[in-house]
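This report refers to the structure that appears directly beneath it.
Note that the structure is a prediction, hence the values are computed from the model and not measured.
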Amino acid sequence: MASFHFNPNKNLIIVNNIAHRSEPFSVEENDGHLIVNILSENTDDESYVPAIFAVISIKNKVISLYGNIKLIKWSNDNFEVLFNLEPITYYASPTAIAQESYSGRGLEHIVTLYRDRSMQLLLECNGKVANFKISHNIRNAKILLQPTSLGFLSILTADADFDKEYLCLVLYDGKYEKLFEDVADKISFTQNSFIVTSQLSDMLSRKSEISYTFIDGCFKITNKRFTYGHEKDYPQELIPYLFLEALQAGDDVSAKGYLSDDLSDMLSHFKTFFGNFTKIECPQYQTLRKNDLTKVALLYSCDKPINQPKFFSFMMEDSKITNVSD
């Protein structure tokens with residue numbers, strides 16, 4: 001019998017005509033279908049209600065999904081249901097938000113930020129055109145055009161949600177290449193470089209300052225600095241999570257501090273071993289024994305409808321990691 005775990009998160013979820021509004025809940029199904037409707041509450045500034053209609057089909061232990069939902073497979077019988085209620089967008093004629101042009105070296109550059117269904121950055125140079133979708137909600141945008149020895153640099157800065165700052169850098173050297181796009185708490189510029197300051201949501205309340213310098217046609221990381229808001233002694237069971245958070249942040253000095261002396265020179269090996277994970281989790285919907293307390297689940301980017309975490313077990317001694325197995 002497969003169990004499907006839902007979290008309404010202030011939305012209305014209807015599964016097989018039974019409504020759920022607030023608390024997480026689970027539905028079991030062996031062979032059959034789950035008819036899922038997910039709706040958000042009407043608000044004054046919306047002329048529509050974002051909604052999802054989906055079907056989870058189970059036959060001979062094979063699961064098929066129809067509609068805009070995904071699953072995390074925590075075990076053979078436990079699945080977490082994921083959904084994203086995206087606003088419904090309608091076509092509108094393109095509207096320019098900001099535009100700048102530059103003439104020099106026999107070239108005419110025009111860069112336009114515009115909106116139709118979404119925010120887009122349009123770059124034009126003597127008949128060559130590139131278009132990039134903006135990956136964040138931004139406002140108060142400014143465009144700066146700057147010739148360099150290795151090409152022509154287009155700089156887009158803006159305010160982003162949650163009081164963040166946005167930066168996008170595109171280089172033209174006969175073709176367009178996006179060099180950087182991200183949001184951060186603060187982005188500051190110096191000569192041929194910029195510094196990205198981010199407050200991370202991890203146990204140490206880590207703040208990172210990463211310096212990028214324009215070298216050989218791209219921006220390379222030239223310095224990293226970290227400070228900590230919650231630096232203290234943590235229980236041994238949390239050391240694997242602290243270690244993985246340090247790895248994810250690129251904080252090599254902190255990460256090495258969680259390894260035993262025998263493993264302290266193997267940090268690059270661990271980076272390859274764990275790969276580019278996107279989320280660190282305690283194993284969900286499982287009965288953990290005492291020796292499972294240092295077992296960690298990692299999630300990775302996945303285009304498939306069903307994502308399966310990778311589980312890693314850590315061996316500890318005197319609050320230091322002495323071995324890791326998968």
Please work out whether the ring planes of Y172 and H109 are parallel, tilted or perpendicular, with thresholds of 30° and 60°.
-> perpendicular
Separation between CG (L113) and OG (S154), nearest 0.5 Å, reads 12.0 Å
To the nearest 0.5 Å, atom CZ of F180 lies from atom SG of C168 at 9.5 Å
Point-to-point distance, once rounded to the nearest 0.5 Å, from CG of L65 to CD1 of I58 = 9.0 Å
Should the pair K295 and F311 be classed as cation-pi, given the thresholds of under 6.0 Å to the six-membered ring centre and 45° from the axis?
-> yes
Minimum side-chain heavy-atom gap H20-F6 below 4.5 Å = no
Pairing of K271 and D252 as salt bridge, 4.0 angstrom limit = yes
Assess whether side-chain hydrogen bond (donor to acceptor under 3.5 Å, both in side chains) is satisfied between S135 and E181, documenting all intermediate values.
-> CA-CA 8 Å; S135 304; E181 185 190 26; 3.1 Å; yes
Determine, stepwise, if the pair F270 / F243 fulfils ring-ring contact (aromatic ring centres under 6.0 Å, His included).
-> CA-CA 10 Å; F270 282 116; F243 171 68; 5.7 Å; yes
Assess whether side chain to side chain contact (heavy atoms under 4.5 Å, CB included) is satisfied between Y114 and N131, documenting all intermediate values.
-> CA-CA 10 Å; Y114 71 96; N131 201 79; 3.1 Å; yes
Would you give the length of the straight line joining atom CG of N7 to atom OG of S22, rounded to the nearest 0.5 angstrom?
-> 9.5 Å
Counting distance only, does the side-chain N/O of T294 pair as donor-acceptor with the main-chain N or O of F314 below 3.5 Å?
-> yes
Donor-acceptor under 3.5 Å (S198 side chain, A184 main chain) = no
Would D251 and Y228 satisfy side chain to side chain contact (heavy atoms under 4.5 Å, CB included), going step by step from the backbone distance to the final call?
-> CA-CA 11 Å; D251 188 352; Y228 313 97; 2.5 Å; yes
Would you say E245's side chain and M203's backbone share a donor-acceptor pair under 3.5 angstrom?
-> yes
Take the angle between the ring planes of F189 and F194 and call it parallel below 30°, perpendicular above 60°, tilted in between.
-> tilted
Is there a donor-acceptor contact under 3.5 Å from the side chain of D185 to the main chain of Q199?
-> yes
Rounded to the nearest 0.5 angstrom, the NZ-CG distance for K178 and L121 is 8.5 Å
Is the closest side-chain donor-acceptor distance between Q120 and S118 under 3.5 Å?
-> yes
Centre of Y234's six-membered ring, under 6.0 Å away, within 45 degrees of the axis: is that where NZ or CZ of K232 sits?
-> yes
Applying ring-ring contact (aromatic ring centres under 6.0 Å, His included), run through F312 and F273 and close with a yes or a no.
-> CA-CA 11 Å; F312 298 90; F273 179 67; 5.5 Å; yes
In terms of side-chain geometry, is the basic nitrogen of R139 or D161 positioned less than 4.0 Å from the acidic oxygen of its partner?
-> yes
Any cation-pi pair here, K310 with F277, using under 6.0 Å and within 45°?
-> no
Output, in order, the C-alpha distance, side-chain angles, deciding distance and verdict of side chain to side chain contact (heavy atoms under 4.5 Å, CB included) for L169 and Y212.
-> CA-CA 12 Å; L169 302 170; Y212 295 82; over 6 Å; no
